[in-house]
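Read through the structure below, which is laid out as structure tokens, and then see the notes.
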Amino acid sequence: MASTLKPCSSPLPAKSSFNDRLYSSQSVSWHRPHTHPSFSLLEICSSMKELNQILPLVIKSGLSDQPIFQAKLIGLFSRFGRLPQATLVLDRVAEKTDELYHSLLKGHAHNSTLDDGFLFFTRMRLEGVQPVVYNFTYLLKTCGDNFDLARGKVLHALMITSGYGSNVFAMTAVVNMYAKCRQINESKKMFDSMPQKDLVSWNAIIAAYAQNGLSGTALHTVISMQQEGERPDSITLVTILPACADFKFSKIGKSIHAYAMRAGFVMLVNVSTALVDMYSKCGLLDTARLVFDRMSVKNVVSWNSMIDGHAQNGRSEEAMKLFRMMMDKGVKPTDVTIMAALGACADLGDLDQGRLVHKLLIEYGLQSDISVMNSLIAMYSRCRRVDLAAEIFGNLKNKTLVSWNSVILGYAQKAYPYEALKLFCNMRKENMKPDSFTLVSVIPAVAYLSILHHAKWIHGYVIRSCLHKNVYVMTALVDMYAKCGGVNIARRLFDMMEERHLITWNAMIDGYGTHGHGRAALELFQEMIHRSPVKPNNVTFLCVLSACSHSGLVGEGLHYFALMKKDYGFEPSMEHYGTMVDLLGRAGRLEEAWNFIQEMPMEPGTSVYGAMLGACKIHQNVELGEKAGNALLKLEPEDGGYYVLLANMYATASMWNEVAKVRKNMENKGIKKNPGFTCIQLKNKVHTFYSGCTNHPLSREIYKRLEKLMDEIKAAGYVPDTNSIHDVEDDVKMQLLSSHSEKLAISFGLISTAPGTTIQIRKNLRVCGDCHSATKFISLVTGREIIVRDMQRFHHFKDGQCSCGDYW
DNA sequence: GTCCTTTCCG
């Protein structure tokens, strides 16, 4: 008996002892409460379930009002998150000691809301209990985790007045709290003010820098810490490895790896995982894999780093393989796993796998995770199922800014500009404030519509949102204005920008190119290579070559094509070759163009033969045109556009039998021609005209004005180009020509706008030769500026001239 | 008894 009277200093192994004691305690009475069996049971109690079994015993023993029992109960209720019960016990205590309050406050800090925690902290102080250091450390941590800066500051002040301003633990908690609340300057100030620092406080300030985007400072601080005599521990390493990854400093990462090996830290799963992640982010996937394979213990974070690392480096097949491996091993996926897998599916455009992951995330109850759902929206968009993406978006309960951005980007990228704009308006109606990501998605949708009115509206929105200093947004605007016909506005914005990315330069050079301002494009390119910090890439050269092609600058084009390989080491892609063929072909150097094709190091694609055929049509070289046309029909037998181009070439050469053959061929294969149409926007409404259409409400007036217009321009010297039409009388030819969609749209523009207003129209195909000639005369006789965007470029008509110099 | 750490959607 004597031995059982001893206080139970070390708890016995939980399972067997727990039940044994439960059944042996009932019939004995005890004089010293802390030796009572139910107290021993409380001491080894490890869950609320067990506590519920013991409680009746405690009450029955009549000892529940003993202070030592009350303290134990408050401690246990607090630990298991039963704060109301803990408070009830405290309320019954006659002589409340400080320790009871402290224990309950710890429970609040860990298991309850910050509101309740603060409320209790206030009660405690009102009841005259002096706060101790760890009241502050616990509560400060909770403030940091909840990003509650206001309460954090209150605690900080109270902590100072309570005399803990120099306490290492308390001050480290303050440093951490400010860092979590993104107040890095405050964080640094507090760290610097600390009279004593330990390893943990160094780790805290390093983490503060690393997590607030100051990776470089974080790495430097590790050096300072060593100079002050602290040796980095495993937590230091885990903290700075993401900083190395941020800068892709694999060299530093490797030296940290070596340090970790010497110190034996690689045994720790978090250190090895951080190494795997660092190597993945530095693009060294094979090294990451090596570290990963050598890990004796892996957790789900290790798998996530590995899977996402592959997905982010474009090795999505392997990412999915790893994902399946992880599932086979029975590791439970987390939100991060699912997001990485969805990213890989999106990258692969693999809808079937994406759907499987969708099912899986529902199985794991992750459909309430908004980030996961946002990734799901992105996955469906990128797998060309914007409809499914929109459906998920529509059913989302708590849409975030990222949800809106994902679905808007989905529509904008998949050529649904109107839907993208509509959602943009809806999000503002729902008081969701768009950010730079939203605008970088919406602006290209406006560019796609090519409506200057909309362009100015979205530009206004950018200014009102104070995003006019954002380089991504401004680059999108430069590109948009160029694509909406406002190349000079684009240049003004370009000049106003304080920072320009490579893409900004490319957009502006290409803008000049499509507007036929080849010289301006080349001047800007020169400025870029000689007076700017950015270096051209292969896209820059594509823009330069295309600008040369649109302006007939053949010599320059050939020069830059050679320069691109010689000085910059870029291998020309199919698009570069296509542009070169276009350049030579349009200039009439058809033999050269054909030889150029023959010497290509790769199989020529449709862009190359398409450029060749187009050039042959312009310059009426039927022999080479036929060769290019046949190659095209072999490569793309279903595309009606090439048949039409071939037929038009024959028609221009008056080879009517051949025209009939091509048309018959098309008919037999059931291939339809893409009908040409022209759009014009007036007062928020887009009017679309097809050749010969009479369904416009103002049709009568349009044709009447057109008839008069034809007489006016004929008097000014216009000669209808009837070459490409045959088997009808001349007056019918004239009628067919004058009812082309371009002319209808211009006539409508003339009668619907004030004299002197610029008319801007857009054609879905290339502008036709006769319309081009007629528009020049129209600009002369009406004194109007007319801007035509076709599928290739812009034509600015003014005073009887076109900016393309009849070269297109 | 107390302070610091790894994977993360557009």
Side-chain angles (χ1 to χ4, degrees), chain A residues 75 99 102-103 105-106 109 132-141 144 164 167-177 179-180 190-191 194 197-208 210-211 225 230 232-243 245 265 268-278 280-281 298-309 311-312 333-340 342-343 346 366 369-379 381-382 389 393 400-410 412-413 434-441:
Chain A
E99 284 71 25
H102 297 158
S103 136
L105 190 64
K106 181 180 171 184
V132 291
V133 202
Y134 52 84
N135 293 153
F136 291 107
T137 55
Y138 285 140
L139 285 173
L140 281 166
K141 191 181 163 73
Y164 297 118
N167 182 287
V168 185
F169 293 144
M171 285 306 286
T172 303
V174 169
V175 167
N176 185 244
M177 181 276 294
K180 292 266 157 65
M190 290 309 124
F191 179 76
M194 289 170 72
K197 296 164 178 124
D198 66 1
L199 176 60
V200 178
S201 27
W202 280 101
N203 284 344
I205 191 66
I206 292 165
Q211 287 157 10
M225 138 184 203
E230 291 289 356
D233 68 350
S234 70
I235 292 179
T236 321
L237 304 194
V238 166
T239 311
I240 50 163
L241 280 167
F265 294 146
L268 301 168
V269 64
N270 58 350
V271 173
S272 276
T273 298
L275 283 167
V276 166
D277 190 59
M278 179 276 297
S280 297
K281 292 222 167 70
K298 301 177 177 77
N299 62 20
V300 67
V301 181
S302 330
W303 283 98
N304 290 349
S305 297
M306 207 58 207
I307 295 168
D308 197 51
Q312 298 294 333
T334 64
D335 52 344
V336 181
T337 324
I338 296 295
M339 285 191 274
L342 287 172
L366 288 166
D369 185 310
I370 190 68
S371 300
V372 169
M373 295 312 273
N374 292 342
S375 298
L376 191 63
I377 291 171
M379 183 278 291
S381 307
R382 287 176 62 193
F393 174 78
T400 63
L401 180 57
V402 178
S403 322
W404 285 95
N405 288 350
S406 305
V407 73
I408 289 175
L409 181 69
Q413 281 185 337
D435 69 352
S436 62
F437 280 87
T438 326
L439 283 148
V440 167
S441 303

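The model shown is predicted, which means the values in this text are computed figures rather than measured ones.
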Give A/Thr172 one of three labels, base, sugar-phosphate or nothing, depending on what nucleic acid heavy atoms sit under 4.0 Å from its own. base

Is any N or O donor-acceptor pair between the side chain of A/Asn304 and the base of B/dT7 shorter than 3.5 Å? yes

Considering only side-chain heavy atoms of A/Val402, which listed nucleotide, B/dC3, B/dC9, B/dC4, is closest? B/dC9

Separation of A/Leu241 atom CG from B/dT6 atom P, in whole Å? 11 Å

Is the closest side-chain heavy-atom distance between A/Val300 and A/Pro333 below 4.5 Å? no

Rounded to whole Å, please give me the gap between CD1 in A/Ile377 and C1' in B/dC8. 16 Å

Proximity to the side chain of A/Met339 - top-ranked nucleotide from B/dG1, B/dC8, B/dC3: B/dC8

Contact class for A/Asp233 (heavy atom, under 4.0 Å): base, sugar-phosphate, or nothing? nothing

Would you indicate what A/Thr273 reaches in the nucleic acid, counting non-hydrogen atoms under 4.0 angstrom: base, sugar-phosphate, or nothing? base

Which part of the nucleic acid, if any, lies within contact of A/Asp369, taking any heavy atom under 4.0 Å across all strands shown: a base, the sugar-phosphate backbone alone, or nothing? nothing

Whole-Å distance between B/dT2 C1' and A/Asn135 CG? 10 Å

Starting at CZ of A/Phe169 and ending at C1' of B/dC4, how long is that distance when rounded to a whole Å? 12 Å

May I ask you to verify whether the side chain of A/Asp277 and the base of B/dT7 hold a donor-acceptor pair under 3.5 Å? no

Cation-pi between A/Lys197 and A/Phe191: NZ/CZ under 6.0 Å from ring centre and within 45° of the ring axis? yes

Does OP1 or OP2 of B/dT5 have a side-chain N or O of A/Asn203 closer than 4.0 Å? no

In whole angstrom, what separates A/Leu376's CG from B/dC9's C1'? 11 Å

Among the candidates B/dC4, B/dT7, B/dG1, find the nucleotide nearest to the side-chain atoms of A/Ala207. B/dC4

Using a heavy-atom cut-off of under 4.0 Å over every strand shown, decide if A/Ile408 touches base, sugar-phosphate, or nothing. nothing

What nucleic acid atoms does A/Lys180 come within less than 4.0 Å of, heavy atoms only: base, sugar-phosphate, or nothing? sugar-phosphate

Under 4.0 angstrom, heavy atoms only, what part of the nucleic acid is A/Lys281 near: base, sugar-phosphate, or nothing? sugar-phosphate

Under 4.0 angstrom, heavy atoms only, what part of the nucleic acid is A/Lys141 near: base, sugar-phosphate, or nothing? sugar-phosphate

Out of B/dG1, B/dT7, B/dT2, whichever nucleotide has its closest atom nearest the side chain of A/Lys106: B/dG1

Closest non-hydrogen atom pair, A/Phe265 against A/Asp233: CE1-C, 3.7 Å

Under 3.5 Å, is there a donor-acceptor pair between the side chain of A/Asn135 and the main chain of A/Val132? yes

Categorize A/Ser371 for me: base, sugar-phosphate, or nothing, with a 4.0 angstrom heavy-atom threshold over every strand shown. base

Is it true that A/Asn270 and A/Ser234 share a donor-acceptor pair across their side chains at a distance under 3.5 Å? no

Expressed as a whole number of angstroms, how long is the span from A/Met177:CE to B/dC4:C1'? 15 Å

A/Val269 and A/Lys298: side chain to side chain contact (heavy atoms under 4.5 Å, CB included), yes or no, with the steps? CA-CA 6 Å; A/Val269 64; A/Lys298 301 177 177 77; 5.6 Å; no

Nearest-angstrom distance from the residue atom CE of A/Met278 to P of B/dT5: 20 Å

Which nucleotide in B/dC3, B/dT6, B/dT7 has an atom nearest any side-chain atom of A/Ser305: B/dT7

Going by heavy atoms in the side chains, are A/Leu376 and A/Met379 under 4.5 Å from each other? yes

Whole-Å gap separating P (B/dC9) and CD1 (A/Ile338): 14 Å

Can you tell me which nucleotide in B/dC3, B/dC8, B/dT5 comes closest to the side chain of A/Val336? B/dC8

To the side chain of A/Tyr134, which of B/dC9, B/dT5, B/dT2 is closest? B/dT2

Answer with base, sugar-phosphate or nothing: what part of the nucleic acid does A/Gln211 contact at a heavy-atom distance below 4.0 Å? sugar-phosphate

